[in-house]
Amino acid sequence: MPVMVASENGRRGMMAAMMLLREGGSALDAVELACRIVEDDPDDHSVGYGGLPNVLGEVELDASIMDGGATLRAGAVAAVQGYGCAITLARKVMEETPHVLVVARGAERLAAELGESPQDQRTEEALRRWRERFAERGLTPGATENLRSVARILTRPLNLQDKIYKAARVDTLGTVNFIALDAQGNLAAAVSTSGLGWKYPGRVGDSPLIGAGNYCDNRYGAAACTGMGELAIRAATARSLVLYLKCGMPLVEAGREALRDLLTLDAAEGQYMNIVTLTPTGEHAGFSTVPGKQYLFQRAEMDEPQLADRLMLE
Ligand code: ASP
């Protein structure tokens with residue numbers, strides 16, 4: 001029965017989490033473990049340690065976790081600096097506070113109170129990319145005048161000639177998400193990211209926002225997003241897909257309807273949205289607004305995760 005789906009960069013995390021699920025572990029533990037593995041990987045520049053920094057050169061992490069069980073528990077953190085393990089902090093918010101979302105200084109304080117060790121999340125490699133991207137466009141890395149240009153990146157109409165916009169479009173998206181169905185029939189979903197590279201300080205994407213980048217309900221299914229978070233926030237993409245399932249749509253139709261919702265947003269070139277989804281019966285699918293995107297899935301009897309194509313609108 002156990003099944004997992006994930007974004008393309010989740011292979012190692014999925015393999016470890018599937019071992020846990022095969023031994024009877026919970027979906028919640030599986031998705032947290034899987035995210036932790038990607039968060040700790042310095043070579044993944046879109047998540048956790050080694051994530052790409054914001055415009056000022058600071059790494060800010062966002063994460064959320066949702067338990068599809070009867071009470072729809074959820075926890076999230078956003079704009080966390082100086083601590084890794086964002087997904088574990090999100091789970092602590094869910095399990096040890098009466099809140100759902102704790103941000104920035106508050107999340108860092110919570111981490112310290114929980115005994116987490118502070119750790120600079122910036123790697124030399126991520127900082128080198130940050131410096132190079134700005135310098136190669138004649139901008140001073142970290143200069144405050146860059147802030148105004150970054151603010152423009154995220155508003156419309158976009159100025160395609162904007163130097164930072166061009167800098168921002170090179171390899172700056174990325175997130176990891178996992179959804180697991182365990183042997184007890186429980187679903188859980190987790191999303192972790194360093195967000196859009198070179199983002200405005202304090203910018204929060206869809207990943208930590210329940211309903212936007214993450215939603216999970218044992219009765220109908222779960223969905224998680226990667227891509228330009230501003231789109232999934234405005235269309236409440238993860239919750240919408242699950243709501244379409246609740247309304248009785250087949251999985252492929254529900255996913256395509258969620259993609260259709262995104263059409264009205266007039267996304268700029270390079271602003272895509274991906275969704276992965278898993279139902280309580282183990283049916284899975286991936287969706288994307290752009291061609292060529294894939295996702296990972298693994299059933300308990302498979303030795304390793306497999307890639308599958310994400311569906312688009314027809
Ligand atoms: N959705 C993430 C964000 O907007 C980034 C990504 O998935 O690529 O922060």
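Just so it is clear, the values below take in all heavy atoms, side chains as well, and ignore hydrogens, waters and symmetry mates. All ligand and atom numbering here is 1-based and tracks the order in the structure.
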Backbone or side chain, does any N or O of [X] fall under 3.5 Å from an N or O of ligand 1?
| X | answer |
| --- | --- |
| Gly229 | yes |
| Thr193 | no |
| Gly195 | no |
| Asp62 | no |
| Tyr272 | no |

Cut-off 3.5 Å, no hydrogens considered: what does the side-chain donor-acceptor table look like for residues 63-73, sequence neighbours left out?
{"residue": "Ser64", "atom": "OG", "partner": "Ser207", "partner atom": "O", "Å": "2.6"}
{"residue": "Ser64", "atom": "OG", "partner": "Asn214", "partner atom": "ND2", "Å": "2.9"}
{"residue": "Asp67", "atom": "OD1", "partner": "Gly69", "partner atom": "N", "Å": "2.9"}
{"residue": "Asp67", "atom": "OD2", "partner": "Arg73", "partner atom": "NE", "Å": "3.2"}
{"residue": "Asp67", "atom": "OD2", "partner": "Arg73", "partner atom": "NH2", "Å": "2.9"}

Query - Region of Arg203 that comes within reach of ligand 1 [heavy atoms, distance under 4.0 Å] - result: side chain

**Report entry** Side chains of Glu32 and Thr88 in contact at under 4.5 Å (non-hydrogen atoms)
**Finding:** yes

Query raised in the report: Between Phe287 and Val252, which heavy-atom pair has the shortest distance, and what is it?
Result: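 Shortest heavy-atom separation between Phe287 and Val252 comes out as CE2-O, 3.6 Å.
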
Requested in this report: Under 4.0 Å from a heavy atom of Asp206: give me the atoms of ligand 1 that qualify, with their elements.
Outcome: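 In order of number, 1 (N), 2 (C), 3 (C), 4 (O).
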
Report task. Would you mind listing which atoms of ligand 1 come within a distance below 4.0 Å of any non-hydrogen atom of Leu196? Result ->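 Going through ligand 1 atom by atom, the ones under 4.0 Å from Leu196 are 9 (O).
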
Report task. Could you tell me whether ligand 1 has any atom less than 4.0 Å away from a heavy atom of Gly213? Result -> no

Query raised in the report: For ligand 1, is Glu230 a contact, meaning one of its heavy atoms is under 4.0 Å away?
Result: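 Glu230: no contact with ligand 1 (<4.0 Å).
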
Just by distance, do the side chain of [X] and the backbone of [Y] share a donor-acceptor pair under 3.5 Å?
| X | Y | value |
| --- | --- | --- |
| Ser192 | Val47 | no |
| Ser46 | Leu52 | no |
| Arg22 | Ala300 | yes |

Query raised in the report: Pro305: what forms a side chain to side chain contact (heavy atoms under 4.5 Å, CB included) with it, not counting sequence neighbours?
Result: Arg11, Met14, Met15, Leu296, Gln298

